[in-house]
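Worth saying up front: this structure is predicted, and the values here are computed from it rather than measured.
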Amino acid sequence: MNRFLQLFLNYGLVLAILVWAATVAMMAYHLEESPWRWAFILLSLAGLGTVGVIFWIRRYVKNSMKTLQQAGKTS
């Protein structure tokens with residue numbers, strides 16, 4: 001159960017954003033002649049970009065913490 005909770009805390013937001021982006025993309029797919037189609041496509045791409053930014057921030061924080069820990073060991 002602890003492993004499930006850890007995965008949920010780490011990837012729950014990402015999964016929610018991906019589900020939202022997929023839903024908006026499906027709405028855009030079904031709006032054939034609507035002027036809102038391109039707005040929905042852009043919103044869906046922004047959701048994917050948000051997921052990319054989340055992973056970039058996670059990697060940046062992880063590398064920063066690793067650098068701080070190594071600096072603490074050498075001092």
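Cluster annotation: W20 and Y11 are assigned to distinct hydrophobic clusters (Ile/Leu/Val/Met/Phe/Trp/Tyr, side-chain heavy-atom contacts under 4.5 Å, transitive). Cluster annotation: V14 and L7 are assigned to the same hydrophobic cluster (Ile/Leu/Val/Met/Phe/Trp/Tyr, side-chain heavy-atom contacts under 4.5 Å, transitive).
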Side-chain donor-acceptor distances from residues 24-51 under 3.5 Å, at least two apart:
from	atom 1	to	atom 2	distance (Å)
S34	OG	W36	N	3.1
R37	NE	A28	O	3.2
S44	OG	A21	O	3.1
T50	OG1	A46	O	2.8

Check: residues 55-67 side-chain donor-acceptor pairs under 3.5 Å, at least two apart:
from	atom 1	to	atom 2	distance (Å)
R58	NH2	N10	OD1	3.3
N63	ND2	R59	O	3.4
S64	OG	Y60	O	2.9
T67	OG1	N63	O	2.9

